[in-house]
Amino acid sequence: MTRVAVLGAGITGVTTAYALAKRGVNVTLIERHRYAAMETSYANGGQLSASHAEVWNHKATIWNALKWMARRDAPLLLNPTPGWHKLSWFAEFLAAMPAYERNTVATARMAIAARAHLFAWAEAEHIDFDHRRAGILHVYRDKAGFERAAGVSRLLAQGGLQRRAITRQEMRAIEPTLQGDFYGGYYTDSDSTGDIHKFTSGLADACARLGVACRYGTAVTALAREHGKVRVSVGEDSSVFDAVVICAGTASRAMAAMLGDHVNVYPVKGYSITVQLDDAASRAAAPKVSLLDDATKLVSSRLGEDRLRVAGTAEFNGYNEDIRADRIRPLVRWVEQCFPDVNTRKVIPWAGLRPMLPDMLPKVGPGKAPGVYYNTGHGHLGWTLAAATAEMVSAMVNTAVASSSAADR
């Protein structure tokens, strides 16, 4: 029987294992942590946001990075210390700038396609992940940001997404708890939010029920091509699989190199806080609609009744998982300024490394060698895109292994 290994049990790995198992494939899911979704899929911003599909390969990103370089609390922080990985990544990032519009449209289409799969899987497997279909509201503090967003909206519309411009008065009606001086906003009522960790854990349980062999607490130490198959080594043990799908987040680059592929994933650190809404006044004062504040590059999502998740920032600082107080402080301050009646006494900080590719598109598909596939590099949109890319790569793998089996008969 055909055997496929999925490497990594974050949101992309678990959705890939599930999509393969639903196709009747014999799947082994390998994860170095004791449980699924313990790294970047643990405490992200919570947004399922097709409206956030704009790729970053734009001159505005470069300008902001340079402008904010001296600020330790900047929304985008670039460590100026040179390194080959960082330099090569930024060289490819700049080379991808002419594809900004095309890649933004493609990302929006992928995000819309992902919704149907994710919602259907959650319903079929009875997964409660604090899903809230209240839309996402982008807010702008000045006319320039608002007008630039109009151009982004036109690109999103080409990808099939409709978001509408709203006035300050309409913005207050959509989310009356929001305080501050804003110029206007854009609202996408088809977007939603949810707890990525709850969803991924629930779908991992569903994988086990479908017969997926879940090998947690198991670190991959070597990968090698072997007669059209792939040998996966974990410590002293190794197994040969007909195919592997690498869904290993920031570890994907090293795994790809073992197999002769160049997958230039860079670990872009993001931070989040979870504000515990333990009193009635805080629950009433916290937003119910998900927000994206363009000036601060922060997002917020209401998870259930008693949690507010605030996330954002992008830090280019290599493989560094430290939770820095000076990077967490702006998130807490944003809550206190925009929602002053929310009690911030109990705040849980977190940081995760987003696996980003220079063109901001995930790598989904085969590697150079037979039996090697990738579903990685989703950056800040792993939660939004994973269900679509899992379906894409699982269909490729299933077709390939079925053809190989037929040829062997």
Check your understanding: Within the side chain of His85, is there an N or O that forms a donor-acceptor pair under 3.5 Å with the backbone of Val265?
Key -> yes

Point to revise | Rounded distance [0.5 Å steps], CZ in Arg148 versus NE2 in His58 | key: 4.5 Å

**Study point:** Stepwise side-chain contact (heavy atoms from CB on, under 4.5 Å) test for Glu54 and Leu155
**Key:** CA-CA 8 Å; Glu54 181 192 11; Leu155 293 177; 5.9 Å; no

Exercise for review: Can you label the angle between the Tyr42 ring and the Trp350 ring as parallel, tilted or perpendicular, going by 30° and 60°?
Suggested key: tilted

Exercise for review: Start with the C-alpha distance between Leu308 and Ile273, add both sets of side-chain angles, then the distance that settles side-chain contact (heavy atoms from CB on, under 4.5 Å), and finish with yes or no.
Suggested key: CA-CA 8 Å; Leu308 175 66; Ile273 58 172; over 6 Å; no

Revision key, fill the gap. For Val299 and Gly45 the tightest heavy-atom approach is CG2-CA, 3.9 Å

Review point. Which class fits the ring pair His380 and His52: parallel under 30°, tilted 30 to 60°, perpendicular over 60°?
Key: perpendicular

Review point. For the ring pair Phe199 and Trp121, is the centre-to-centre distance below 6.0 Å?
Key: no

Review point. Does atom CZ of Arg345 have more than 12 heavy-atom neighbours, drawn from other residues, nucleotides or ligands, at distances under 6.0 Å?
Key: no

Review point. Taking the six-membered ring of Phe241, is the NZ or CZ of Arg3 close enough (under 6.0 Å from the centre) and on axis enough (within 45°)?
Key: yes

Point to revise | Short side-chain to backbone donor-acceptor contact, Thr221 and Ser233, under 3.5 Å | key: yes

Practice item. Would you check if the side chain of Tyr183 reaches a backbone N or O of Gly145 as a donor-acceptor pair within less than 3.5 Å? Key: no

Check your understanding: Take atom CZ in Arg154; do more than 12 heavy atoms of anything else shown fall under 6.0 Å from it?
Key -> no

**Study point:** Euclidean distance, Asp237 CG relative to Thr218 OG1, rounded to 0.5 Å
**Key:** 9.5 Å

Practice item. Drop me the distance from Glu101's CD to Asn57's CG, to the nearest 0.5 angstrom. Key: 12.0 Å

Practice item. Determine whether the side chains of Asn375 and Thr12 contain a donor N or O and an acceptor N or O closer than 3.5 Å. Key: no

Review point. Should Asp326 and Arg324 count as an ion pair when the cut-off is N to O under 4.0 Å?
Key: yes

Point to revise | Thr40 side chain to Leu353 backbone, donor-acceptor under 3.5 Å | key: yes

Review point. Are the side chain of Asn343 and the backbone of Asp279 linked by a donor-acceptor contact shorter than 3.5 Å?
Key: no

Check your understanding: Charged N to carboxylate O under 4.0 angstrom, Asp195 versus Arg307?
Key -> yes

Exercise for review: Could you pull out the closest heavy-atom pair between Ile11 and Ala386, with the gap in Å?
Suggested key: CG1-CB, 3.6 Å

Check your understanding: Given Leu94 and Ile62, is the side-chain contact (heavy atoms from CB on, under 4.5 Å) satisfied, shown in steps?
Key -> CA-CA 9 Å; Leu94 294 172; Ile62 306 299; 3.9 Å; yes

Exercise for review: Have a look at Ser301 and tell me which of Thr193, Ile196, Leu291 forms a side-chain contact (heavy atoms from CB on, under 4.5 Å) with it.
Suggested key: Thr193

**Study point:** Side chain proximity check, Arg302 to Arg283, heavy atoms < 4.5 angstrom
**Key:** yes

Review point. Looking at side-chain heavy atoms only, is the closest gap between Leu385 and Pro362 below 4.5 Å?
Key: yes

Practice item. Would you give the length of the straight line joining atom CD1 of Ile30 to atom OG1 of Thr28, rounded to the nearest 0.5 angstrom? Key: 6.5 Å

Exercise for review: Please work out whether the ring planes of Tyr140 and Tyr186 are parallel, tilted or perpendicular, with thresholds of 30° and 60°.
Suggested key: perpendicular

Check your understanding: Are any non-hydrogen side-chain atoms of Leu178 and Cys338 less than 4.5 angstrom apart?
Key -> yes

Practice item. Only one of Leu137, Val152, Leu161 passes side-chain contact (heavy atoms from CB on, under 4.5 Å) with Ser51; say which it is. Key: Leu161

Review point. Tell me, do Lys297 and Thr313 make a side-chain contact under 4.5 Å, heavy atoms counted?
Key: no

Review point. Tell me, do Thr107 and Leu361 make a side-chain contact under 4.5 Å, heavy atoms counted?
Key: yes

Exercise for review: Over all heavy atoms of both residues, which pair between Ser201 and Ala36 is shortest? Give the atoms and the distance, please.
Suggested key: OG-O, 4.3 Å

Review point. Would Ser252 and Thr376 count as having a side-chain donor-acceptor pair, cut-off 3.5 Å?
Key: yes

**Study point:** Where Pro358 and Ala96 come nearest, the two heavy atoms and their spacing
**Key:** O-CB, 4.3 Å

Review point. Are Phe119 and His131 an aromatic pair by the rule of ring centers under 6.0 Å?
Key: yes

Point to revise | Asn317 and Lys269: side chain donor to acceptor below 3.5 Å | key: no

Exercise for review: Calculate, to the nearest 0.5 Å, the distance between atoms CZ and CG belonging to Arg215 and Leu7 respectively.
Suggested key: 10.5 Å

Exercise for review: Classify the side-chain pair Asn44/His197 by whether it contains a donor and acceptor separated by less than 3.5 Å.
Suggested key: no

Review point. Is it the case that Ser238 and Arg231 place a side-chain donor and acceptor less than 3.5 Å from each other?
Key: yes

Review point. So, Thr384 side chain and Gln47 main chain: donor-acceptor pair closer than 3.5 Å or not?
Key: yes

Check your understanding: Taking atom types as modelled and ignoring hydrogens, do the side chains of Glu125 and Tyr18 form a donor-acceptor contact shorter than 3.5 angstrom?
Key -> yes

Point to revise | salt_bridge(Glu39, Arg32) N-O dist < 4.0 Å | key: yes

Review point. Distance only, no hydrogens: is a donor on one side chain within 3.5 Å (strictly under) of an acceptor on the other, for Arg115 and Ser190?
Key: yes

Exercise for review: Could you tell me whether the side chain of Thr104 and the main chain of Val55 form a donor-acceptor pair under 3.5 Å?
Suggested key: yes

Point to revise | Test item: side-chain donor near acceptor, Glu175 and Thr177, under 3.5 Å | key: yes

**Study point:** Under 3.5 Å donor-acceptor, Lys288 side chain and Arg132 backbone
**Key:** no

Check your understanding: Does Ser88 reach the main-chain N or O of Trp84 with its side chain, forming a donor-acceptor pair under 3.5 Å?
Key -> yes

Review point. Is the closest side-chain heavy-atom distance between Leu29 and Tyr216 below 4.5 Å?
Key: yes

**Study point:** Smallest separation among heavy atoms of Gln179 and Pro340, with atom names
**Key:** CG-CD, 3.6 Å

Check your understanding: Are His33 and Tyr35 near enough that their ring centres are under 6.0 Å apart?
Key -> no

Review point. With a 4.5 Å limit on heavy-atom distance, are the side chains of Val275 and Phe339 in contact?
Key: no

Exercise for review: May I ask you to say whether Arg329 pairs ionically with Glu336, meaning some side-chain N is under 4.0 Å from a carboxylate O?
Suggested key: no

**Study point:** Check: Lys368 main-chain N/O paired with Asp261 side-chain donor or acceptor under 3.5 Å
**Key:** yes

**Study point:** Distance-only side-chain donor-acceptor flag, Arg163 / Ser153, under 3.5 Å
**Key:** yes

Review point. Are Trp56 and Met356 side-chain neighbours, meaning at least one heavy-atom pair lies under 4.5 Å?
Key: yes

Check your understanding: If you round to the nearest 0.5 Å, how far is CD of Glu305 from CG of Asp130?
Key -> 9.5 Å

Check your understanding: So, for Tyr266 and Phe93, is the gap between ring centers shorter than 6.0 Å?
Key -> no

